[in-house]
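Right, one structure below, let's go through it.
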Amino acid sequence: PNVYGLTNSAIYFAGIEVSRDQLVLVITDLQNNIIQSERKSDFALDDTDECLETICSTIENFLAGSGIDRTKLLGIGVCMAGRVNPKTGRSYKYFTHKEQSLSEIMEKRFGHRVLIENDTRARCYGEYVKGCTGQEKNIIYLNLGRGVAIGIIIDGKIYGGAKGVAGEMGHILVHPDGRRCGCGQKGCYEQYASCTALVRNSYEANPEWGSGRIIFKEFYAGNKQAEKIINDWIEEIVLGLVTLVHIFNPSCIVLGGGIMNEQYIIDRVNRLLQEHIMPSYRCVEVKHAKLGNNAGLYGMLATVQQKLR
């Protein structure tokens, strides 16, 4: 529909993030003002009918309690952990035993159009439309947490690949016969470059260093062992970025994950990356994500507005 000249309350959009340990829900109006928001922390994502019912009933109750005119809700954008095909509305990891796609199940339940997307791609798009990337059109977003996944924007458009599952950066092989990965292979990138890898390496060096916050506290206090652990980890991150830069030629790389707010990481990654890439690729700049935990929601709200209005 043509939305120009409409008042803020003429149309609403809903964004839902289904992460492994929480649900986050928000409704905005035409000018992106937040009308209603909710966070459900007593949640664990699992491939069961009970979990799907929890997700659907939480969304249903949230919409019912928002007080908006449901006929003015243009659509619902849902981003979730795991591999997702946004074209078919299916997750390849969760609720795969259902005959209907996840988007079809939700559309029938709620009576609204539902768009499904992978959480990392949603965060990537959120940073693109509302975050740190400015006017850049060719962007790589790395989500470094338990694993490593990437979102790819080429000429201003999200790239999903043939089946919508592009971006499993965590499972490129960087150390043949290295650490065993949960995927069954050895030497995967996420076993060395994820935040989980940093915490594991820190804990192995000193059982009292059980978090990223603690290891950086030790580093800033001048602990040389902590410095080596962090610098070795950053070199592993850069090892993967060099490959990405030479394949995609991005102008901007965004590093997402709570620990990426440490400016030391961004500065060192930028310096090492420039040293290891060819001169014609040195237009790239590495930045830390601006939107934090809200990036996926912003990405889904923007996706709904773009595709459904």
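- The shortest side-chain heavy-atom distance between Ile253 and Leu244 does not fall under the 4.5 Å cut-off.
- For the atom pair CG (Asp119) and CG (Leu297), the distance works out to 11.0 Å, reported to the nearest 0.5 Å.
- Judged by distance alone, with hydrogens and angles left aside, the side-chain atoms of Glu127 form a donor-acceptor pair with the main-chain N or O of Cys132 at under 3.5 Å.
- With sequence neighbours left out, Tyr298 forms a ring-ring contact (aromatic ring centres under 6.0 Å, His included) with no residue at all.
- Between Tyr12 atom OH and Thr28 atom OG1 the span is 10.0 Å, to the nearest 0.5 Å.
- Shortest non-hydrogen contact noted between Gly164 and Pro86 is O-CD, 4.0 Å.
- Under 4.0 Å is where a charged nitrogen must lie from a carboxylate oxygen, and between Arg179 and Glu204 at least one such pair does.
- In this structure, the side chain of Tyr189 engages the main chain of Ile237 through a donor-acceptor pair within 3.5 Å.
- Scanning all heavy atoms of the two residues, the minimum distance from Ile229 to Ala205 falls at CD1-CB, 3.5 Å.
- In this structure a side-chain-to-backbone donor-acceptor pair under 3.5 Å is present from Asn138 to Asp155.
- Dense packing is recorded around CG of Asp21, with more than 12 heavy atoms of other residues, nucleotides or ligands lying under 6.0 Å away.
- By the 4.5 Å heavy-atom criterion applied to side chains, Tyr94 and Leu102 are not counted as neighbours.
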TODO: Check step by step if side chain to side chain contact (heavy atoms under 4.5 Å, CB included) holds for Ser57 and Arg109.
DONE: CA-CA 9 Å; Ser57 61; Arg109 179 81 172 253; 4.1 Å; yes

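- With values rounded to the nearest 0.5 angstrom, Thr303 atom OG1 is found 7.5 Å from Leu115 atom CG.
- Between Lys287 and Cys252, the closest heavy-atom pair is CD-SG, 4.1 Å.
- At distances below 3.5 Å, not a single donor-acceptor pair connects side-chain atoms of Thr96 with backbone N or O atoms of Tyr92.
- In this structure, the side chain of Arg121 engages the main chain of Ala166 through a donor-acceptor pair within 3.5 Å.
- Between Tyr264 and Phe216, the ring planes are perpendicular. Angles over 60° get that label, and only those under 30° would be called parallel.
- Separation of atoms CG (Leu142) and CD1 (Ile152) is listed at 9.5 Å; rounding is to 0.5 Å.
- Salt bridge annotation for Lys40-Asp42: present, with a cationic side-chain nitrogen under 4.0 angstrom from a carboxylate oxygen.
- In this structure, CD1 on Ile234 lies 12.5 Å from CG on Leu273, to the nearest 0.5 angstrom.
- Under the 4.5 Å side-chain heavy-atom criterion for Ile, Leu, Val, Met, Phe, Trp and Tyr, Val148 and Ile230 are members of the same hydrophobic cluster.
- Between Arg271 and Asp267, none of the side-chain N atoms (NZ, or NE/NH1/NH2) sits under 4.0 Å from a carboxylate O, so this pair counts as no salt bridge.
- Across every non-hydrogen atom of Cys181 and His171, the tightest pair is SG-CE1, 3.5 Å.
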- [ ] Kindly determine whether Cys124 and Ile153 satisfy side chain to side chain contact (heavy atoms under 4.5 Å, CB included), including the steps that lead there.
- [x] CA-CA 8 Å; Cys124 177; Ile153 290 180; 3.7 Å; yes

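- In the hydrophobic clustering of this structure, Val238 groups with Val284; members are Ile, Leu, Val, Met, Phe, Trp, Tyr whose side-chain heavy atoms approach within less than 4.5 Å, directly or through other members.
- Residues Leu301 and Val129 form no side-chain contact, since every pair of their non-hydrogen atoms from C-beta on lies 4.5 Å or further apart.
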Open item on the list: Gln36 vs Glu38, test: side chain to side chain contact (heavy atoms under 4.5 Å, CB included). Steps then yes/no.
Closed with: CA-CA 7 Å; Gln36 180 90 345; Glu38 182 181 321; 5.5 Å; no

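- Scored by the ring-ring contact (aromatic ring centres under 6.0 Å, His included) test, His276 finds no partners at all (sequence neighbours excluded).
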Open item on the list: I'd like to know whether Cys283 forms a side chain to side chain contact (heavy atoms under 4.5 Å, CB included) with Asn249, so could you lay out the CA-CA distance, the side-chain angles of the two residues, the decisive distance to 0.1 Å, and finally the verdict.
Closed with: CA-CA 9 Å; Cys283 63; Asn249 187 207; 4.2 Å; yes

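- Panel note: side chain Glu107, backbone Val114; a donor-acceptor pair is recorded below 3.5 Å.
- A distance-only check finds a donor-acceptor pair linking the side chain of Thr54 to the backbone of Glu50 [under 3.5 Å].
- Here the CD-NZ distance, from Gln225 to Lys228, works out to 9.5 Å after rounding to the nearest 0.5 Å.
- Smallest separation of non-hydrogen atoms from Val78 and Met106: CG2-SD, 4.1 Å.
- In this structure, Asp47 contributes its side chain and Phe95 its backbone to a donor-acceptor pair below 3.5 Å.
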Open item on the list: side chain to side chain donor-acceptor pair (under 3.5 Å) for Glu17 and Asn293? Distances and angles first, verdict last.
Closed with: CA-CA 10 Å; Glu17 180 159 11; Asn293 292 333; over 6 Å; no

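- Between Trp233 and Ile215 the shortest side-chain heavy-atom distance does not fall below 4.5 Å.
- Ser194 places no side-chain N or O within 3.5 Å of a backbone atom of Gln191 that could act as its donor or acceptor partner.
- Nearest heavy-atom pair, Ile116 versus Ser103, reported as atom, atom and distance to 0.1 Å: CG1-CB, 3.7 Å.
- Of the possible polar contacts, one joining the Arg282 side chain to the Ile277 backbone as a donor-acceptor pair under 3.5 Å is found.
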